[in-house]
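Here the structure is laid out as structure tokens; the discussion comes afterwards.
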Amino acid sequence: QAVSAQGSLPRCARCDPSRAMLARLALLASALATVAFAGDEAKTEPSESQLSEYKQDFLDFDLNKDNQIDAQEVRSQFKGDLDPRELHQFFIDCDKDNTGTVTLKEYVDYASTLS
């Protein structure tokens with residue numbers, strides 16, 4: 001199913017964490033363009049429901065429950081259906097401290113730009 005023009009995920013994508021993540025990755029290019037042109041405008045905080053959804057997405061991908069997502073955890077959720085360039089770009093965009101892992105805060109900050 002396609003993602004709507006407003007960037008919201010279709011209902012079935014919300015039921016399947018890997019589809020939701022893939023949909024978010026697919027929106028990455030347009031989100032990055034929007035953020036690039038936004039300049040220094042104030043960030044809007046996610047709503048409680050969005051924050052809850054982002055946290056659940058994060059928990060679904062954090063397979064070893066170490067409060068970090070690494071590339072292997074993301075790859076395993078997609079079972080080979082993820083382009084390595086998309087995975088690499090996801091980590092470039094999310095991993096702001098360049099540790100090779102994504103924390104919940106980094107993921108929420110990233111996911112908030114896609115809303």
Side-chain angles (χ1 to χ4, degrees):
Q1 268 186 345
V3 175
S4 72
Q6 293 85 13
S8 63
L9 295 173
R11 181 168 301 279
C12 68
R14 288 193 183 111
C15 300
D16 182 349
S18 50
R19 286 198 186 274
M21 184 74 150
L22 185 57
R24 285 192 180 97
L25 289 172
L27 288 172
L28 180 62
S30 63
L32 290 176
T34 302
V35 171
F37 290 113
D40 292 329
E41 294 177 19
K43 276 199 233 177
T44 57
E45 293 296 318
S47 68
E48 286 299 316
S49 66
Q50 287 172 317
L51 189 57
S52 177
E53 182 179 341
Y54 301 154
K55 285 180 180 180
Q56 189 58 54
D57 289 344
F58 182 88
L59 293 172
D60 290 341
F61 277 86
D62 184 18
L63 300 176
N64 65 0
K65 306 302 178 205
D66 65 351
N67 298 315
Q68 302 176 68
I69 298 173
D70 61 37
Q72 184 175 347
E73 289 171 316
V74 175
R75 254 188 249 107
S76 72
Q77 290 287 358
F78 285 100
K79 297 173 181 41
D81 292 334
L82 180 62
D83 184 303
R85 292 171 294 197
E86 289 177 316
L87 178 63
H88 181 72
Q89 189 64 52
F90 170 75
F91 275 88
I92 288 172
D93 297 332
C94 283
D95 183 19
K96 295 303 180 188
D97 60 3
N98 297 313
T99 59
T101 60
V102 174
T103 64
L104 176 60
K105 180 181 180 348
E106 288 172 325
Y107 181 73
V108 168
D109 290 347
Y110 163 78
S112 297
T113 66
L114 303 179
S115 299

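Everything numeric here is computed off the predicted structure, so don't read it as measured data. Quick note: residue numbers are just sequence positions, from 1.
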What's the spacing between [X] [atom1] and [Y] [atom2] if we round to 0.5 Å?
{"X": "I69", "Y": "Y107", "atom1": "CD1", "atom2": "OH", "answer": "7.0 Å"}
{"X": "D70", "Y": "N64", "atom1": "CG", "atom2": "CG", "answer": "6.5 Å"}
{"X": "D109", "Y": "Y54", "atom1": "CG", "atom2": "OH", "answer": "11.0 Å"}
{"X": "E106", "Y": "F58", "atom1": "CD", "atom2": "CZ", "answer": "8.5 Å"}
{"X": "R75", "Y": "D81", "atom1": "CZ", "atom2": "CG", "answer": "13.5 Å"}
{"X": "D95", "Y": "H88", "atom1": "CG", "atom2": "NE2", "answer": "11.0 Å"}

Taking every non-hydrogen atom, the tightest pair across Q77 and D60: NE2-O, 2.8 Å
Nearest non-hydrogen partners of F61 and V74, listed with the distance: CD2-CA, 3.9 Å
Side-chain donor or acceptor of Q56 paired with backbone N/O of E53 under 3.5 Å: no
Residues forming a side-chain hydrogen bond (donor to acceptor under 3.5 Å, both in side chains) with Q68, sequence neighbours excluded: T101
L51-Y110 co-clustered via ILVMFWY side chain contacts under 4.5 Å: yes
Any residue meeting side-chain contact (heavy atoms from CB on, under 4.5 Å) with E48, in chain and number order, not counting sequence neighbours: none
Residue list, salt bridge (Lys or Arg N to Asp or Glu O under 4.0 Å) with D66, at least two apart or on another chain: none
